[in-house]
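Reviewing the structure listed below.
Note on naming: letters A, B, ... go to the chains in the order of the sequence lines (proteins, then strands), and numbering restarts at 1 for each one.
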There are 2 protein chains.
Amino acid sequence: MENRKQLVERLRAVGLRPTLQRIALGELLFSKGDRHLCAEDLHAEARAALVPVSLATVYNTLNQFKAAGLLREIAIEGDRSYFDTNTSNHYHFFDDEKHELMDIEIGDLTVTGLPEAPEGKVIDRIDVIVRLRDA
Amino acid sequence: MENRKQLVERLRAVGLRPTLQRIALGELLFSKGDRHLCAEDLHAEARAALVPVSLATVYNTLNQFKAAGLLREIAIEGDRSYFDTNTSNHYHFFDDEKHELMDIEIGDLTVTGLPEAPEGKVIDRIDVIVRLRDA
DNA sequence: TTACATGCAAACTGTTTGCAAATAT
DNA sequence: ATATTTGCAAACAGTTTGCATGTAA
């Protein structure tokens, strides 16, 4: 989906120095299609890939990527924060038992009958989480 | 919306002893229409109402009420957990600047084109959060 | 050579828990 | 009388931060 040179450019474009750690984390995040993961997940992947990155740097990097619009945070209640490498408009299934997130293709699902935003506000985006349980 | 006697009955019905603290918190929660609040909010209200309740008990009570179906937890990313006293099917506006939740009447908003749930799963419920920003 | 990034450990925040004292049945 | 609930303080998890060291420009 993205090679190293493109990634370096993308980092520069958002004002982040393309350091070893940011490149390595960026490759883990953006080279395997759309992903949903938390800081611990990414840290474990990095260590498995023999990339020495501290957990603090993983947190900082995720937050910087999020602020730069490279990632989106997904709101699910619970202890951990999840990030989505797909920043385009789409929705999610959430499996509460397996604690797993899956994409729903945007084409499938439509939200209609949206009320007016309150005075002085506009709608920024709409998050939809379809919660699953065992049949 | 609910007087003390009804509340006591409701607590008994879900297997919770109607203690002083649970009744007091229940009245704060269920006597003022639909509310969205976190543990600290409720604790502050209780102290303001001169009800001596510890924060730990507020947390325990919120979790017990949630497990009993008296409350619903709302997923918004961030540090605190929010609870909704309206457990019926409805959606929310979320004002990220003011960190404030508002109900959207269910009649207004419809979600269509829902894809099949994955094998072995069924849809439990659908959460919709309409995120607002300053115009 | 200057500003920014990293790693570590310590700090911090929201939440949960263990245990003795208090309360509901 | 017995089981449950409470409050406190300590434990806990995830996340952030301060500061010295290392790295990019």
Side-chain angles (χ1 to χ4, degrees), chain A residues 4-5 7-28 36-47 49-68 70-71 73-83 99, chain B residues 4-5 7-28 36-47 49-68 70-71 73-83 99:
Chain A
R4 189 172 308 225
K5 197 177 292 181
L7 179 55
V8 168
E9 273 322 300
R10 204 131 85 97
L11 291 175
R12 281 195 215 281
V14 297
L16 293 173
R17 284 188 182 173
T19 63
L20 263 149
Q21 289 84 342
R22 295 211 266 237
I23 293 168
L25 295 177
E27 292 199 307
L28 289 170
H36 311 101
L37 34 68
C38 65
E40 288 283 5
D41 293 339
L42 184 56
H43 188 232
E45 283 195 14
R47 306 205 109 251
L50 301 176
V51 179
V53 190
S54 73
L55 184 55
T57 296
V58 172
Y59 274 107
N60 290 337
T61 302
L62 285 172
N63 286 329
Q64 291 153 354
F65 283 13
K66 176 191 171 190
L70 271 42
L71 291 174
E73 190 170 353
I74 303 175
I76 43 176
E77 77 282 325
D79 33 12
R80 303 159 127 86
S81 294
Y82 279 81
F83 294 86
H99 232 256
Chain B
R4 189 172 308 226
K5 197 177 291 182
L7 180 54
V8 168
E9 272 322 300
R10 205 130 85 98
L11 291 175
R12 280 195 216 282
V14 297
L16 293 173
R17 285 188 181 174
T19 63
L20 263 149
Q21 291 83 340
R22 295 211 265 239
I23 293 168
L25 294 178
E27 292 200 308
L28 288 171
H36 311 100
L37 33 67
C38 64
E40 288 282 6
D41 292 339
L42 184 56
H43 188 232
E45 283 194 15
R47 306 204 110 251
L50 301 176
V51 179
V53 190
S54 75
L55 184 56
T57 295
V58 171
Y59 274 106
N60 290 337
T61 302
L62 285 171
N63 286 331
Q64 291 154 353
F65 282 13
K66 176 191 170 190
L70 272 40
L71 291 174
E73 189 170 354
I74 303 176
I76 45 176
E77 77 284 327
D79 32 12
R80 304 160 127 86
S81 295
Y82 279 82
F83 294 85
H99 234 255

Evaluation steps, side-chain contact (heavy atoms from CB on, under 4.5 Å), between D41(A) and R80(A): CA-CA 11 Å; D41(A) 293 339; R80(A) 303 159 127 86; 5.8 Å; no
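- Taking all atoms of both residues into account, the shortest heavy-atom contact from A39(B) to L55(B) is O-CD1, 4.2 Å.
- One axis for each end of the helix from dT1(C)-dA25(D) to dT25(C)-dA1(D), each built from five base pairs, and the angle between them comes to 30° at 10° resolution.
- When all heavy atoms are compared, the tightest approach of L11(B) to P18(B) is CD1-CA, 3.9 Å.
- Residues from residues 15-24 of chain A that place a heavy atom under 4.0 Å from any atom of DNA chain D, listed by number: R17(A), P18(A).
- Of all heavy-atom pairs spanning V51(A) and A24(A), the tightest one is CG1-CB, 3.5 Å.
- Taken residue by residue, residues 73-82 of chain B places heavy atoms nearer than 4.0 Å to DNA chain C at D79(B), R80(B), S81(B).
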Candidate pair R10(A) and V14(A), rule side-chain contact (heavy atoms from CB on, under 4.5 Å), full reasoning: CA-CA 7 Å; R10(A) 204 131 85 97; V14(A) 297; 5.6 Å; no
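- Here the P atom of nucleotide dT6(D) and the CG atom of L11(B) are 10 Å apart, to the nearest Å.
- Here the closest non-hydrogen pair linking V53(A) and A46(A) is CG2-CB, 4.3 Å.
- Using a 4.0 Å cutoff on non-hydrogen atoms, the parts of residues 54-63 of chain A near DNA chain D are A56(A), Y59(A), N60(A), N63(A), ordered by number.
- Under the 3.5 Å distance criterion, the side-chain polar atoms of R22(A) are left unmatched by any main-chain donor or acceptor of T61(A).
- Rounded to an integer number of Å, the gap from CZ of R12(B) to C1' of dT4(D) is 14 Å.
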Test side-chain contact (heavy atoms from CB on, under 4.5 Å) applied to H43(B) and T57(B), step by step: CA-CA 9 Å; H43(B) 188 232; T57(B) 295; over 6 Å; no
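- The CG atom of L37(A) sits 16 Å away from the C1' atom of dG14(D) (whole-angstrom rounding).
- Across all non-hydrogen atoms, the minimal contact from L7(A) to I23(A) is CD2-O, 3.4 Å.
- Interatomic distance, CG of N60(A) versus CD of Q21(A), reported as 11.0 Å (0.5 Å rounding).
- Once you apply a 4.0 Å limit to the heavy atoms of chain B, the touched nucleotides of DNA chain C run 5' to 3' over dG14(C) to dT25(C).
- With sequence neighbours excluded, the residues forming a side chain to side chain contact (heavy atoms under 4.5 Å, CB included) with F83(B) are L62(B), N63(B), K66(B), L71(B), E73(B), S81(B), listed by chain and number.
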